[in-house]
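First up is the structure itself, then whatever we jot down about it.
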Amino acid sequence: MAIKSTIYKVDLQIADMDRNYYGQHSLTLAKHPSETDERLMVRLITFALYADEYLVFGKGLSDDEEPDLWLKDLTGAIQLWIDVGLPTERDIRKACGRSKQVVIVLYGGRIADMWWAQNSKALLKNNNLTILNLPDTQELTATAERSLTISCTIQDGQILVSHDTGSFDISSVMLKGLDSRG
């Protein structure tokens, strides 16, 4: 019998000073059986960074043909493709061919740095690609609960994450591309 995804209900409030985006989202996230709490929460923070009324979670780990998050226009054309983690260079090229803009959000500290060092030369050729690194995401793991109220305040590459038991900062580092969040 296959292990099913775990469902998380999140009430997310966003105040993004950089994009002048302020919103509240009631989200349902499915945590794949092989997904860590840290990756789940990085997907949530990524949603906050690129929030839009049409941004939705894709099947991600469950389907190689869908990203972790995406935004389509009214014709069904993919405007924004977002993957979290360390995808292959081949998968990134494929996504760049399918979408107007592709964003890869790295996390994991030293492992992400090694991935970037290994792949940066080939990836710099893609004009519609943005690579963002979140080097310090360990604190996110402790906030992962099946029912969660969280708020994110975003300004100048800093993300203040506030939840029921406290708050902490996460820095974002733009490795490639312009800030495509706006």
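Computed over heavy atoms, backbone and side chain alike; hydrogens, waters and symmetry mates excluded. We're numbering straight along the sequence, starting at 1.
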What residues join Tyr22 in its hydrophobic cluster, counting side-chain heavy atom gaps under 4.5 Å, either direct or through other members? Met17

Check whether any side-chain heavy atom of His25 sits under 4.5 Å from a side-chain heavy atom of Ile14, and report yes or no. yes

For Leu124, does the CG atom have more than 12 heavy-atom neighbours from other residues, nucleotides or ligands under 6.0 Å away? yes

Would you say Ile170 and Tyr107 make side-chain contact, with heavy atoms under 4.5 Å? no

When rounded to the nearest 0.5 angstrom, what distance separates CD in Gln79 from CG in Leu55? 12.5 Å

Pairwise distance CG(Leu140) to CZ(Phe168) - rounded to 0.5 angstrom: 4.5 Å

Under the side chain to side chain contact (heavy atoms under 4.5 Å, CB included) criterion, do Thr46 and Asp68 qualify, and how do the steps go? CA-CA 9 Å; Thr46 301; Asp68 291 305; over 6 Å; no

Where at least one partner belongs to residues 41-53, residue pairs that pass salt bridge (Lys or Arg N to Asp or Glu O under 4.0 Å), sequence neighbours excluded: Glu35-Arg43

Flag for Gln158-Asp169: side-chain donor and acceptor within less than 3.5 Å: no

Assess the side chains of Ser5 and Lys31: does a donor N or O sit below 3.5 Å from an acceptor N or O? no

Does the Arg19 side chain pair with the main chain of Ala51, one donor and one acceptor, at a distance under 3.5 Å? yes

Atom CD1 in Ile159, atom OG in Ser171: separation rounded to 0.5 Å? 8.0 Å

Rounded to the nearest 0.5 Å, the CG atom of Leu44 sits from the CG atom of Leu27 at a distance of 6.5 Å

Do any N or O atoms from the side chain of Asp83 and from the backbone of Ile104 form a donor-acceptor pair under 3.5 angstrom? no

Any donor-acceptor pair under 3.5 Å linking the side chain of Asp16 with the backbone of Asp18? yes

Please tabulate, one pair per line, all N/O donor-acceptor pairs under 3.5 Å involving side-chain atoms of residues 114-122, not counting sequence neighbours.
| from | atom 1 | to | atom 2 | distance (Å) |
| --- | --- | --- | --- | --- |
| Trp115 | NE1 | Pro87 | O | 3.1 |
| Asn119 | ND2 | Trp115 | O | 2.9 |
| Ser120 | OG | Trp116 | O | 3.2 |

Look only at the side chain of Ser172 and the backbone of Gly157, and say whether a donor-acceptor pair between them is shorter than 3.5 Å. yes

Find the distance between CH2 (Trp81) and CG (Asp91) and round it off to the nearest 0.5 Å. 8.5 Å

